[in-house]
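All values below come from the heavy atoms of this structure, side chains included, with hydrogens, waters and symmetry mates left out. Numbering starts at 1 and runs along the sequence shown.
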Amino acid sequence: MLFDHNKIMFLADVIFPAFSAPYFADFFFPMAAGLAIASEILVFKFRYKSLLSWFRACWFAILANIVSWIFGLILSLILPSGLVPKVERAGDHPISIITQGPNFTILMICGFILAYLLSICIEYAVWRRLLKSSPLPSLFTTCIIANTVSYCLLVSIAYAYIHFNWW
């Protein structure tokens, strides 16, 4: 027998570093992530009605969000995790697990703020790069508006889900 089921306890909790919460939230709330990107597309299309086609607005917004997501996820893995080891009992045997520490929630909130600020800057850089031949006026302001709308939407949906068991 390779292993004894009586001596092994599997814990099925999902655990991730606190600063990664904004990036893992997409997996827990995929519809919210889709709505957030759709809101950014609508902001860009509203601000640049005749200057930006629907195709380019969708393509550029999705690409900018993917670049931002990858960069942010990598960065979040080198920031403090907020996770701590904890000893649990599995029958007669102690096992060590990783769980949320006392600062996890505040680090997670800081992670959302950092992700918001990074998203603005990274997505602005992506849009600038994609539009280098035909720059849009007030692009940085539009990135601020688009990300403010999308992050407010994400936070509102996460709050509603957690506190009202909604969605």
Find out if a path of hydrophobic residues (ILVMFWY) with successive side-chain heavy-atom gaps under 4.5 Å connects [X] to [Y].
X: Trp54; Y: Leu52; result: yes
X: Trp59; Y: Phe46; result: no
X: Ile109; Y: Phe19; result: yes

Which residue pairs pass the side-chain hydrogen bond (donor to acceptor under 3.5 Å, both in side chains) test when at least one of the two sits in residues 32-41, sequence neighbours left out?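 Output for this query lists Glu40-Asn65, Glu40-Ser150.
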
Please list all pairs meeting side-chain hydrogen bond (donor to acceptor under 3.5 Å, both in side chains) that have one or both residues in residues 132-141, counting only residues at least two apart or in different chains.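 Non-adjacent pairs meeting side-chain hydrogen bond (donor to acceptor under 3.5 Å, both in side chains): zero.
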
Test your reading of the model: is there a side-chain donor-acceptor pair from Arg128 to the backbone of Leu131, 3.5 Å cut-off?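 No, because the side chain of Arg128 does not come within donor-acceptor range (under 3.5 Å) of the backbone of Leu131.
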
Show me the pairs that pass ring pair (Phe, Tyr, Trp, His ring centres under 6.0 Å) and involve residues 96-118, at least two apart or across chains.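 Non-adjacent pairs meeting ring pair (Phe, Tyr, Trp, His ring centres under 6.0 Å): Tyr116-Tyr151.
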
Residue pairs passing the ring pair (Phe, Tyr, Trp, His ring centres under 6.0 Å) test where at least one lies in residues 121-147, sequence neighbours excluded: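 Pairs touching residues 121-147 that pass the test: Phe44-Trp127, Phe60-Trp127, Tyr124-Phe140.
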
Quick one: [atom1] on [X] to [atom2] on [Y], what's the gap to the nearest 0.5 Å?
X: Asn147; Y: Cys152; atom1: CG; atom2: SG; answer: 10.5 Å
X: Cys143; Y: Ile120; atom1: SG; atom2: CD1; answer: 8.0 Å
X: Trp69; Y: Ile122; atom1: CH2; atom2: CD1; answer: 13.0 Å
X: Ile106; Y: Asn103; atom1: CD1; atom2: CG; answer: 8.5 Å
X: Ile144; Y: Leu117; atom1: CD1; atom2: CG; answer: 9.5 Å

Residues clustered with Val149, ILVMFWY side-chain links under 4.5 angstrom: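 Val43, Ile145, which link up through side-chain heavy atoms under 4.5 Å apart, make up the rest of the cluster.
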
Is there side-chain contact between Ile157 and Leu35, with at least one heavy-atom pair below 4.5 Å?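 In contact.
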
Under the side-chain hydrogen bond (donor to acceptor under 3.5 Å, both in side chains) test, which residues partner Ser20, sequence neighbours left out?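 Here the qualifying residues are Ser76.
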
Heavy-atom pair with the smallest gap, counting every atom of Ala36 and Leu154: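 Distance-wise, the nearest heavy atoms are CB-CG, 3.8 Å.
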
Locate the shortest heavy-atom distance separating Ala64 from Glu123; write the atom from each residue and the value.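 In this case the closest contact between Ala64 and Glu123 is O-CG, 3.5 Å.
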
May I have the list of side-chain donor-acceptor pairs in residues 77-86 shorter than 3.5 Å, sequence neighbours left out?
from	atom 1	to	atom 2	distance (Å)
Ser81	OG	Leu83	N	3.0
Lys86	NZ	Glu88	OE2	3.1

Please determine whether side-chain contact (heavy atoms from CB on, under 4.5 Å) holds for the pair Leu75 and Leu118, giving the CA-CA distance in whole Å, both sets of side-chain angles, and the decisive distance to 0.1 Å. CA-CA 10 Å; Leu75 180 63; Leu118 283 173; 3.4 Å; yes

Does [X] have any side-chain contact (heavy atoms from CB on, under 4.5 Å) partners at least two apart in sequence or in another chain, and if so, which?
X: Ser53; value: Phe55, Arg56
X: Pro137; value: Tyr48, Leu51
X: Pro135; value: none
X: Ile66; value: Ile62, Ile70

